[in-house]
Amino acid sequence: MNSSQTSMPGSVDNATDQMMNFSYTENQKMISDTIRKFAETQIKPKMMEWDEDQIFPVELFRKMGEMGLMGILVPQQYNGSGFGYYEYVTAIVEISRVCGSIGLSMAAHNSLCTGHILQFGNEEQKKKYLPKLATGEWIGAWGLTEANTGSDAMRMRCVAKQDGDYWVINGSKNWITHGITGDVAVVLTRTGDLLDPDGITAFVIERGTKGFRGGKKENKLGMRASETAELIMEDCRVHKSQVLGKVGDGFRQAMKVLDGGRISIAALGLGIAKGAFDAALKYSKEREQFGKPISEFQAIAFKLADMATKIEAAELLIFSAADLKNKGQKCTKQSAIAKYYASEVSVEVATDAVQIFGGYGYTKDFPVEKFYRDSKLCTIGEGTSEIQKLVISREILK
Ligand SMILES: Cc1cc2nc3c(=O)[nH]c(=O)nc-3n(C[C@H](O)[C@H](O)[C@H](O)COP(=O)(O)OP(=O)(O)OC[C@H]3O[C@@H](n4cnc5c(N)ncnc54)[C@H](O)[C@@H]3O)c2cc1C
């Protein structure tokens, strides 16, 4: 799957000309159809087993790499799909509509690790890492969060000290998607004074580098097939050629990476909401109580109406942020608004879906229980809802 297979609006070549439109492009339809078939045969039959046992299905991601899903935004010259944000959002939504865990891992790989190297790597680094990441040969990780510094990432304690042509990194990162399995990680470290906006630097570090390893794997409420683990650096020596962009630019880079990443977490939330809604709608027409389908009770019908309204509003906000991204414009406010709204909607819709299923919704025999657990991550990862409100209010009060 790549942007040269069709010449429809939305491919990178003409993304900048594309006005926000309200119908799917041919590319988006093609992505939707392909992923629906893929998810039906490759994800659905196994996802509860992966969820139950916290299995991160690496082989699935290799297949997704072959399909072009691991380098959606990466230009074709680096073996990527060369698509824009409309296609990226569509792909995350369609995967997450079936399994949030796979959607989360796909989003973290594409937006964070790959996205950071794509935006801030030099030509040599792009040639070295992007083709492997874009084809799924390598899985990427991105480490910003630490045990004591989540929302307040600027206070990070992981330190890099220069030693000739090398940097020596000490510290650990927590909650890192693919912290153990990732073949390469972008790691944000302190290279200056505490709270100095020029005091943070990003490094790209390969698995196998001495002093660099994965640590404890988290046992999570939801998103259980997406690996979340500690990343540990102990006297980890990396050559200065592994610095991404300029020394001291890391925090600004990370914030830009998150502007795009938040659109993908919004899409993840939307996909989960759509999956939960589809299941609840179907069930409400089948389940009978008091001699008629429960969808005929106004309490249930109005719940479905609220769910549908929120889903459509979230979708519009996400594509509005995606539109700015495609045009190369600043999207800090719009991506935070989309992320905030879509992730809260995800939790609300998944909660309502469980309610519509009644007791059956509380069991693992029906899909809404998993959507309910998975949805909560969306209001936390890549900045909590409170932090999104902080970002939005700062932007509007400027
Ligand atoms: C499954 C999963 C995957 C993740 N993947 C990654 C990854 O790949 N890479 C990575 O770097 N990180 C990752 N994270 C970390 C994630 O980004 C953080 O958990 C998140 O940013 C919140 O940080 P925290 O958990 O330390 O919470 P805290 O910052 O401790 O926040 C606790 C509570 O306080 C609130 N709060 C904090 N500051 C303020 C404030 N100023 N105003 C109002 N309220 C505030 C928060 O909103 C929250 O409700 C992942 C997390 C999870 C759960």
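Start at 1 and go down the list; that is how both ligands and their atoms are numbered. If you're wondering where the values come from, they're calculated on a predicted model, not measured in any experiment. All residue numbers in this chain count up from 1 along the given sequence.
- At a 4.0 Å heavy-atom cut-off, the residues surrounding ligand 1 are W142, G143, L144, T145, G150, S151, W175, I176, T177, K220, T228, L377, I380, E382, G383, T384, E386, I387, listed by chain and number.
- Between E230 and K173 there is no salt bridge, since none of the side-chain N atoms of the basic residue sits less than 4.0 Å from a carboxylate O of the acidic one.
- In this structure, Y360 and Y283 have tilted ring planes: the angle between them lies in the 30° to 60° band.
- There is a side-chain donor-acceptor pair under 3.5 Å between N219 and R224.
- Environment of CZ in F366: crowded, with over 12 heavy atoms of neighbouring residues, nucleotides or ligands closer than 6.0 Å.
- Salt-bridge formation is not detected for the pair R262/E382: no Lys NZ or Arg NE/NH1/NH2 atom is positioned less than 4.0 Å from an Asp or Glu carboxylate oxygen.
- Side-chain N/O atoms of E206 and T209 include no donor and acceptor closer than 3.5 Å.
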